[in-house]
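Encoded as C-alpha cells, the structure appears first; notes follow it.
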Number of protein chains: 2
Amino acid sequence: MTTDDPRVEAVIDKVRRAGGRVTTARRLVVAALVRGRAHPTAEAVAAFVQAEHLEIALSTVYRTLEALEALGLVEHTHLGHGSAVYHLGEPHQHLVCEDCGTVIDASAALLDDVRARLRAQYAFEVHVGHFAVLGRCGRCGVTARRPPSMRGDGGR
Amino acid sequence: MTTDDPRVEAVIDKVRRAGGRVTTARRLVVAALVRGRAHPTAEAVAAFVQAEHLEIALSTVYRTLEALEALGLVEHTHLGHGSAVYHLGEPHQHLVCEDCGTVIDASAALLDDVRARLRAQYAFEVHVGHFAVLGRCGRCGVTARRPPSMRGDGGR
DNA sequence: TTAGCTGCAAAAGGTTTGCAAATTA
DNA sequence: TAATTTGCAAACCTTTTGCAGCTAA
C-alpha cells in the first residue's frame, strides 16, 4: 500500500531507512501532517486518520508522532494552553494571538538577534520553535481591553 | 492578621483596593511568591502555604493565583512540559535548559528586537514572559548528543 | 519467525468545578 | 447581613502506559 503523495512517501522512506516499520497508521499520520489542516493537535490528526480507518487508536497516533519526532521528522509545539500541535519539517516560530487564537508562522530567522545575544551572554543555545510567542494580533489589537476587577466573575 | 513583610502587604493592599477579600490563604499564597523558592508551581506554592496552615486546599491556591493574575499582580509561565509556574511583578523572559531544567531569568528587553520586528511586519504585539525560551544551557552544551534511531526505546 | 506496532482500557498528571459551610467586610 | 472565599471531592482533559494479539520484514 502506498499513498499517491510523494511528500508522504518521502517521510515514510526515512522511517523505513531508520529501521521503523511502515504501517497504514503511520502513513495516515504523515498524510494528516502533509495534507490536513495546519497546526493539528493529536486529536485532529486522529480525526483525519480515523476518517479513513476508524479503528486506529488515539494512542497509536501519539506513539507515531513520538516516533517521528525521535527521528527529527516532526516537531511539536505548545501554542498556549491546551493540547500540543504537531508539524513536519523545518523548525519555525509560531506567533499566537491570545485573544482570537490565530497562529502566524514566522521564520526561525526572526530570533537570530535573540539567539546571538543569548549565546554571547549566557552560552545558551536556543531551540527555535518549541515554544510559541504569545501576544495580540493586529486585528485584535484595535479592540479595547476591559480593566481588571476582582468582583463578580473574577474580572474575566 | 498581618505578616511582617511589607512586600506581602503591598500586594495584599492592592487586592483589598480592588474589592477582593483578604484572607489567611491569600496572604500565604503571596508570601510564597515573595519569600518562597523561585519559579514555584501551584503545588510548590501549596506546600509553602500548608507548612503554615495544613488545611488550605490546593484548589484554593489555584483560585487565589487566578485572582491575583486577573488583577495583574501575578503571571504564570510554562517552562516546558509539566506544571505552570507563577511569579509576582515585572514580566521577564525565562530561559529553560531542556536537558537539566535550569531556569535563567533574562530581561524583557532581550526581546526588544523581535518585538519591533513583529510589530512592523505583522502588527503583532508580543506578550513577553508568558512563554519560555527553550534550549540548552552552557553547561549541558558541552555534552555530546546521541543521534536519533527508531530502534529499541525510540532513541531516547 | 520475531521484533516492532497496534487497540483497548486504565492510569497518570495538572487544573477546574460544584456545592455547602465558613468567613470577610 | 450579603456576598465572597474556602475545603472537599469529583470531574476533566491531555498524554502515557501495560498488555496481549497482530503484522511487517
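Residue numbers begin at 1 in each chain, while the letters A, B, ... track the order of the sequences.
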### Short side-chain to backbone donor-acceptor contact, Gln93(B) and Phe131(B), under 3.5 Å
yes
### Message
If you go through the side-chain atoms of Arg63(A), does one of them form a donor-acceptor pair with the base of dG7(C) closer than 3.5 Å?
### Response
yes
### Query
Short question: side chain of Arg117(B), backbone of Leu110(A) - any donor-acceptor pair under 3.5 Å?
yes
#### Entry: Residue of the set Leu65(B), Leu68(B), Thr64(B) for which side chain to side chain contact (heavy atoms under 4.5 Å, CB included) holds with Arg26(B)
Thr64(B)
## Note on the structure
Regarding the side chain of Glu55(A), the nearest nucleotide among dT15(D), dG7(C), dG14(C) is dG7(C)
### Value in whole Å for how far the C1' atom of dT4(D) lies from CD of Glu66(B)
14 Å
### Query
Roughly how many Å is it from CG in Leu65(A) to C1' in dT6(C), rounded to a whole number?
15 Å
### Task
Tell me which of Ala84(A) and Leu54(B) sits closer to the 5' end of DNA chain D, going by the nucleotide each one is nearest to.
Leu54(B)
### Task
Return the value, rounded to whole Å, for the distance between atom CZ of Arg27(A) and atom C1' of dT6(C).
16 Å
Atom pairs and distances, side-chain donor-acceptor, residues 76-83 of chain A, under 3.5 Å, sequence neighbours left out:
unit_1: His76(A); atom_1: ND1; unit_2: Glu69(A); atom_2: OE1; d: 3.2
unit_1: His76(A); atom_1: ND1; unit_2: Glu69(A); atom_2: OE2; d: 2.6
unit_1: His76(A); atom_1: NE2; unit_2: His78(A); atom_2: NE2; d: 3.4
unit_1: His76(A); atom_1: NE2; unit_2: His130(A); atom_2: NE2; d: 3.2
unit_1: His76(A); atom_1: NE2; unit_2: His81(B); atom_2: NE2; d: 2.9
unit_1: Thr77(A); atom_1: OG1; unit_2: Gly129(A); atom_2: O; d: 3.1
unit_1: His78(A); atom_1: NE2; unit_2: His81(B); atom_2: NE2; d: 2.9
unit_1: His81(A); atom_1: NE2; unit_2: His76(B); atom_2: NE2; d: 2.8
unit_1: His81(A); atom_1: NE2; unit_2: His78(B); atom_2: NE2; d: 2.9

### Task
With a 4.0 Å heavy-atom cut-off, tell me which residues in residues 75-82 of chain B come close to DNA chain C, sorted by residue number.
none
### Task
Give the rounded distance in Å between these two atoms: OH of Tyr62(B) and C1' of dA11(D).
15 Å
### Query
Less than 4.5 Å apart, any side-chain heavy atom of Val128(A) and any of Arg115(A)?
yes
### Summary
ring pair (Phe, Tyr, Trp, His ring centres under 6.0 Å) filter on His39(B), not counting sequence neighbours, yields His94(B)
### Summary
Quick note, Glu43(A) side chain, CB onward, closest among dT6(D), dT14(D), dG14(C) is dT14(D)
Pairs under 3.5 angstrom only: tabulate donor-acceptor contacts from the side chains of residues 118-125 of chain B to other protein residues two or more places apart or in another chain.
unit_1: Arg119(B); atom_1: NE; unit_2: Glu125(B); atom_2: OE2; d: 2.6
unit_1: Arg119(B); atom_1: NH2; unit_2: Glu125(B); atom_2: OE1; d: 3.3

### Query
Using links of under 4.5 Å between side-chain heavy atoms of ILVMFWY residues, direct or through other members, which residues join Phe48(B) in one cluster?
none
### Query
Counting only distance, no hydrogens or angles, is the base of dC8(C) paired donor-acceptor with the side chain of Ser59(A) under 3.5 Å?
yes
### Message
On DNA chain D, compare the nucleotides closest to Leu58(A) and Ile56(B); which residue's is nearer the 5' end?
### Response
Ile56(B)
### Task
In whole angstrom, give the distance that lies between atom CD of Gln50(B) and atom C1' of dG7(D).
11 Å
### Message
To the nearest 0.5 Å, what is the distance between CZ on Arg7(B) and CG on Leu33(B)?
### Response
11.0 Å
For nucleotides 21-25 of chain D, list the nitrogen or oxygen atoms of the protein found under 3.5 Å from its nitrogen or oxygen atoms, one pair per line.
unit_1: dA24(D); atom_1: N3; unit_2: Arg21(A); atom_2: NH1; d: 3.1
unit_1: dA25(D); atom_1: OP1; unit_2: Val22(A); atom_2: N; d: 3.4

